[in-house]
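Atoms considered below: every heavy atom in the structure, side chains included; atoms not considered: hydrogens, waters and symmetry mates. Whatever order the structure lists ligands and atoms in, that order sets their numbers, starting from 1. In this text, all values refer to a predicted model and were calculated from it rather than measured experimentally.
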Amino acid sequence: MSQEAFQNPARETAGGLLRIDLGALARNWRAVGARTSGAVGAVVKADAYGLGAGPVCAALHGAGCRDFFVAHLVEAQRLRPSLPADSRLILLNGIPPGGEAACRAAGTIPALNSLEQVAAWSAEAQSRGEELEAFLQLDTGMSRLGISGEEAALLVREPERLKGLRLLRIMSHLACSDEPENPQNARQLAEMRRLAALFPEVPVSFANSGGILLGPEWHGSLTRPGLALYGGRTTPDREIPVEPVVRLDLRVIQIRTVQAGARVGYGGVFVAPGETRLAVLSAGYADGLPRSLEGRGAVWFAGRRLPLAGRVSMDSLIVDASALPPGALKPGDLVEMIGPNQTLEEVAAAAGTINYEILTGLGGRFHRDYASG
Ligand SMILES: *Cc1c(COP(=O)(O)O)cnc(C)c1O
């Protein structure tokens, strides 16, 4: 659910408090920069992975970032007016069919992902009588976006296809960068080198967060980290010098004590084993907390782990708070879902998904606090 769906609800009454540390975000961007020799961009698609593209871009621009990547044209259109003029805004999903004029009007630099997009952008440049900038995306083995090796060779043989275009970067994307041992990483690197040699004057943009950790061979002249900037870990067993950026606390609505045998929540799948103190929390799957947390998820309060009791509802979930002394937890209190006791990665693992999906799903009904400390 997008942040725009609701005006930022009041801190005191919102169902949850999402704290975003823009200082940590900027430090993470610099930490990535310290590991790479080329320039470092920032992937801010999907509303900066759910954290708010406006404040995220402002903080990163302040830290020195000038290359911002979005996926959809609508994201570029929303973001461009607030982005300082010295920033480049690159459209990863490329030009939607018929969207050339809109791309140009939005001041974006498309990643050209097919020969059709190359032709359309070149035609737009010629009809306007101006040079248009572009990234050229090559498919080096992911089979998602980008032109094939044969198509790249065709562009070299028939350079008039690129008329009116200024290629700023040759780019490609890694499919398995979160698995350092996966041989596909080296295969994609070899293919990238082979294809990039066709365009010797154009520098390369290759690595995402995981790719940066693979090693300098993968970096190219402009890296495109997303997840690492937001404090996400890409590879569980490898050190990455980033700090957490997000903290999520959920509001207690009600405390109740039930007796042995009481059925809790939808489907009655949780049955109280004895007298049980329950806390009902004001967030559910509509806020991005997946139903798959059932049976495995938990929140934390005063150093205690409070496991979920039963299913996640749309707007609420129930935890077993029996580990706390009576009266310790009251309506209005906040309990930790993501924070010092429970990482984003642990929540994702409990839900059977990845940190990316949890981050981008965090809902618009939380109060958002941007700290720049
Ligand atoms: C999303 C994306 C990235 C950023 O990936 P992270 O793993 O979040 O660092 C980089 N490049 C492309 C093409 C992407 O789609």
Element-labelled atoms of ligand 1 that are located less than 4.0 Å from some non-hydrogen atom of Pro225
9 (O)
For the side chain of Trp29 and the backbone of Ala24, is there at least one donor-acceptor N/O pair under 3.5 Å apart?
no
Surrounding CZ of Arg296 (heavy atoms of other residues, nucleotides or ligands, distance under 6.0 Å), is the total greater than 12?
yes
Judged by non-hydrogen atoms, does Met142 sit under 4.0 Å from ligand 1?
no
CD of Glu181: more than 12 outside heavy atoms within 6.0 angstrom?
no
Is a side-chain donor or acceptor of Arg224 paired with a backbone partner of Phe206 at a separation under 3.5 angstrom?
yes
Closest approach of any protein heavy atom to atom 8 (O) of ligand 1, naming residue and atom
Tyr49 OH, 2.5 Å
Using the rule that two of Ile, Leu, Val, Met, Phe, Trp, Tyr join whenever any of their side-chain heavy atoms come within less than 4.5 Å, decide whether Leu167 and Met192 are in one cluster.
yes
Trp121 (side chain) donor-acceptor with Ile95 (main chain) under 3.5 angstrom
no
Close-contact set for ligand 1 against Arg144 heavy atoms, below 4.0 Å
15 (O)
Please confirm whether Tyr356 comes under 4.0 Å of ligand 1, counting heavy atoms of the residue only.
yes
Decide if atom CD of Glu357 counts as having more than 12 heavy atoms of other residues, nucleotides or ligands within a radius under 6.0 Å.
no
Tell me which one of Met171, His173, Gln137 gets a heavy atom nearest to atom 12 (C) of ligand 1.
His173
Nearest protein heavy-atom contact for atom 1 (C) of ligand 1: which residue, which atom, what distance?
Lys45 NZ, 1.4 Å
Polar-atom distance check: Gly226 versus ligand 1, any N or O pair below 3.5 Å?
yes
Looking only at N/O atoms, are Gly210 and ligand 1 under 3.5 Å apart anywhere?
no
Proximal ligand 1 atoms for Leu227, defined as those under 4.0 Å from one of its heavy atoms
6 (P), 8 (O), 9 (O)
So which protein heavy atom does atom 5 (O) of ligand 1 come closest to, and at what separation?
Asn208 CB, 3.4 Å
Are Leu22 and Phe366 in one and the same hydrophobic cluster, where Ile, Leu, Val, Met, Phe, Trp and Tyr link if side-chain heavy atoms are under 4.5 Å apart?
yes
What's the shortest distance from atom 11 (N) of ligand 1 to any protein heavy atom, and which residue and atom give it?
Arg224 NE, 3.0 Å
For atom 9 (O) of ligand 1, what's the nearest protein heavy-atom neighbour? Residue, atom name and distance, please.
Ser209 OG, 2.5 Å
Any side-chain donor-acceptor pair under 3.5 Å between Thr108 and Arg80?
no
